[in-house]
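These notes are about the structure you will find just below.
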Amino acid sequence: MTIPDTTSGILIEAEEFDDFGGWVLDSQFEHEMGSPYLLAHGLGEPVADAGTTIDVDQPGSYRVWVRAKDWVPGHHPGRFTLTIGDTTLDTEFGANDRDWSWQDAGVVDLPGGATSLVLHDLTGFDGRCDAIYLGRDDTAPVDGADEAARSWRRKLRGLPEEPVEAGAFDVIVVGGGVTGAAATLTAARLGCRVALVHARPYLGGNASVEIGLSPRGERGPTVDELSDRSPDGDLVAISVLRAEPTATVLLEHTVYHVVMDGDRIAAVDARDARSGREVRLRAPLFIDCTGTALLGLQAGAQTLFGQEARGDFDEGLAPEQGDEMHHGNTVFFRTRMADEPVPFPEVPWAIEVAKNYSNLSGQLDRPGIENGIGPVVIDPDETPDPTIRRR
Ligand SMILES: Cc1cc2nc3c(=O)[nH]c(=O)nc-3n(C[C@H](O)[C@H](O)[C@H](O)COP(=O)(O)OP(=O)(O)OC[C@H]3O[C@@H](n4cnc5c(N)ncnc54)[C@H](O)[C@@H]3O)c2cc1C
């Protein structure tokens with residue numbers, strides 16, 4: 001891993017580690033907390049170590065800072081340690097009763113040259129590591145998600161201050177849920193040069209292999225074509241779009257800024273979750289498929305909240321009167337019967353929910369199967385069965 005060694009210190013972003021071990025990359029909250037980060041999601045079983053090797057140009061004393069989050073102050077469920085070279089630091093990270101913050105872990109002497117870094121999960125309960133900073137003096141690293149923090153990170157990572165021009169298209173789609181994939185496919189088949197910019201590693205949004213809520217109800221041929229699944233559970237959308245010569249798909253790129261020309265969007269700026277590189281993409285036409293109208297909001301467009309009345313847009317299926325109804329926040333889960341009792345770890349910070357969720361108050365006609373069987377989970381030691389197709 002090549003990390004710029006600046007005069008002030010060395011910044012190592014967790015998402016740039018060579019080996020994530022059992023940790024996973026989470027880039028969903030960078031708007032709020034400033035960066036993608038590594039998450040140790042082990043359901044109570046500590047996950048395998050993440051590791052990397054950096055080159056330290058200047059031998060000497062370094063103050064070590066780790067940006068972590070104590071997600072349940074008072075209980076500290078997500079704790080981890082850091083080993084630099086042969087030294088495991090005494091500090092347990094994620095245990096300081098604070099939201100995202102840089103934790104000072106004292107001073108280490110580094111001999112220079114190749115130096116290994118290892119994140120060791122202690123709990124399996126969602127420890128979070130954003131970055132490690134090795135400072136040559138006692139100046140605290142810059143915290144937050146604002147432009148000052150981003151600019152500080154860019155400088156330490158050796159990235160340009162302005163996004164790099166990455167091409168002009170006829171149309172740009174932001175957000176690769178089923179709607180975004182369908183818009184991209186349609187545009188490509190109309191002969192447009194189209195770019196799809198999507199924040200996640202998999203297409204599909206709520207229907208992706210990461211979540212698994214397959215579209216139901218009226219689907220149509222385009223949605224059908226995109227939402228069949230490969231044996232690994234991923235939607236076939238990615239291979240369908242990659243087969244289109246005029247379509248470009250950028251995965252793990254989050255649009256964070258729109259460039260306006262008067263009251264029109266001229267370009268969008270997107271950031272690569274792993275490298276932090278920022279690109280600018282231009283088009284005369286943009287389609288907002290973010291699921292949250294983010295593009296429209298950033299462009300200052302008028303937005304609606306709730307359900308509009310039937311008469312507003314002459315929509316036969318809309319309610320007669322408008323209201324503020326909208327989708328709530330949902331924890332989506334599936335259950336299955338086990339052959340024997342399943343142990344459950346102690347979770348003293350959790351809120352006890354002792355209701356009967358077997359029929360969800362009549363929301364489902366056929367409890368347990370109404371949402372389909374969910375994404376396929378393949379045992380890595382097993383050869384996938386190519387005949388399996390699931391929706
Ligand atoms: C619990 C639950 C149950 C549901 N049940 C059903 C059902 O049974 N049947 C049904 O038809 N519908 C159901 N829905 C609704 C359905 O999931 C949504 O209508 C559908 O997902 C909307 O698709 P979308 O492509 O607009 O948005 P999403 O599926 O949300 O996809 C948007 C994608 O855009 C990406 N994105 C967001 N911002 C950016 C950015 N700045 N840059 C790049 N990418 C970005 C996101 O990461 C996301 O992957 C349910 C929804 C939920 C939450």
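All ligand and atom numbering here is 1-based and tracks the order in the structure. Heavy atoms only: backbone and side chains are in, while hydrogens, waters and symmetry mates are out. For this chain, numbers begin at 1 and follow the sequence in order.
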Any N or O on [X] sitting closer than 3.5 Å to an N or O of ligand 1?
| X | result |
| --- | --- |
| Asn206 | yes |
| Thr179 | yes |
| Ala199 | yes |
| Arg216 | yes |

Task: Contact list for residues 175-196, test salt bridge (charged side-chain N to carboxylate O under 4.0 Å, His left out), sequence neighbours left out - done: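 Checked against salt bridge (charged side-chain N to carboxylate O under 4.0 Å, His left out) - neighbours excluded - the pairs reaching residues 175-196 are Asp170-Arg193, Arg189-Glu225, Arg189-Glu244.
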Task: Partner set under side-chain contact (heavy atoms from CB on, under 4.5 Å) for Arg274, not counting sequence neighbours - done: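 If we apply the side-chain contact (heavy atoms from CB on, under 4.5 Å) test to Arg274, skipping adjacent residues, the hits are Phe20, Leu25, Glu252, Asp272.
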- [ ] Say whether, by atom type as modelled, one donor and one acceptor occur between the side chain of Arg150 and the main chain of Gly34 under 3.5 angstrom.
- [x]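 Between the backbone of Gly34 and the side chain of Arg150 there is a qualifying donor-acceptor contact (under 3.5 Å).
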Open item on the list: Given 3.5 Å as the limit, does a donor-acceptor pair link the side chain of Arg219 with the main chain of Arg216, or not?
Closed with: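 A pair under 3.5 Å: no.
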- [ ] Answer yes or no: is there an ion pair linking Arg63 with Asp104, defined by an N-O contact shorter than 4.0 Å?
- [x]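 A salt bridge is present here (some side-chain N lies under 4.0 Å from a carboxylate O).
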TODO: Heavy-atom distances under 4.0 Å are what count here, so tell me which part of Val174 touches ligand 1: side chain, backbone, both or neither.
DONE: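 Just the side chain.
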Open item on the list: Students often mix this up, so state it plainly: with edges at 30° and 60°, are the rings of Tyr37 and Phe29 parallel, tilted or perpendicular?
Closed with: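 It falls in the parallel class, under 30°.
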Task: Donor-acceptor side-chain pairing of Ser8 and Asp137 below 3.5 angstrom - done: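 There is no such pair between these side chains.
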Open item on the list: Could you tell me if Ser27 and Arg271 have a donor-acceptor pair between their side chains, going purely by distance under 3.5 Å?
Closed with: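 No, Ser27 and Arg271 have no side-chain donor paired with an acceptor closer than 3.5 Å.
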Of all the atoms in ligand 1, which lie at a distance below 4.0 Å from a heavy atom belonging to [X]?
| X | value |
| --- | --- |
| Arg200 | 47 (O), 49 (O) |
| Val178 | 25 (O) |
| Leu213 | 1 (C), 2 (C), 3 (C), 4 (C), 50 (C), 51 (C), 52 (C) |
| Gly291 | 27 (O) |
| Leu294 | 41 (N) |
| Val197 | 43 (C), 44 (N) |
| His253 | 43 (C) |

Task: Contact with ligand 1 for Cys289, non-hydrogen, under 4.0 angstrom - done: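 Yes; Cys289 lies near enough to ligand 1 that a heavy-atom distance drops under 4.0 Å.
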TODO: Could you tell me if any non-hydrogen atom of Gln28 lies under 4.0 Å from any atom of ligand 1?
DONE: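 Flag not set, Gln28 not near ligand 1.
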Open item on the list: So if I apply the side chain to side chain contact (heavy atoms under 4.5 Å, CB included) rule between Leu281 and each of Val255, Leu250, Asp269, which one comes out positive?
Closed with: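 Only one of Val255, Leu250, Asp269 forms a side chain to side chain contact (heavy atoms under 4.5 Å, CB included) with Leu281, namely Leu250.
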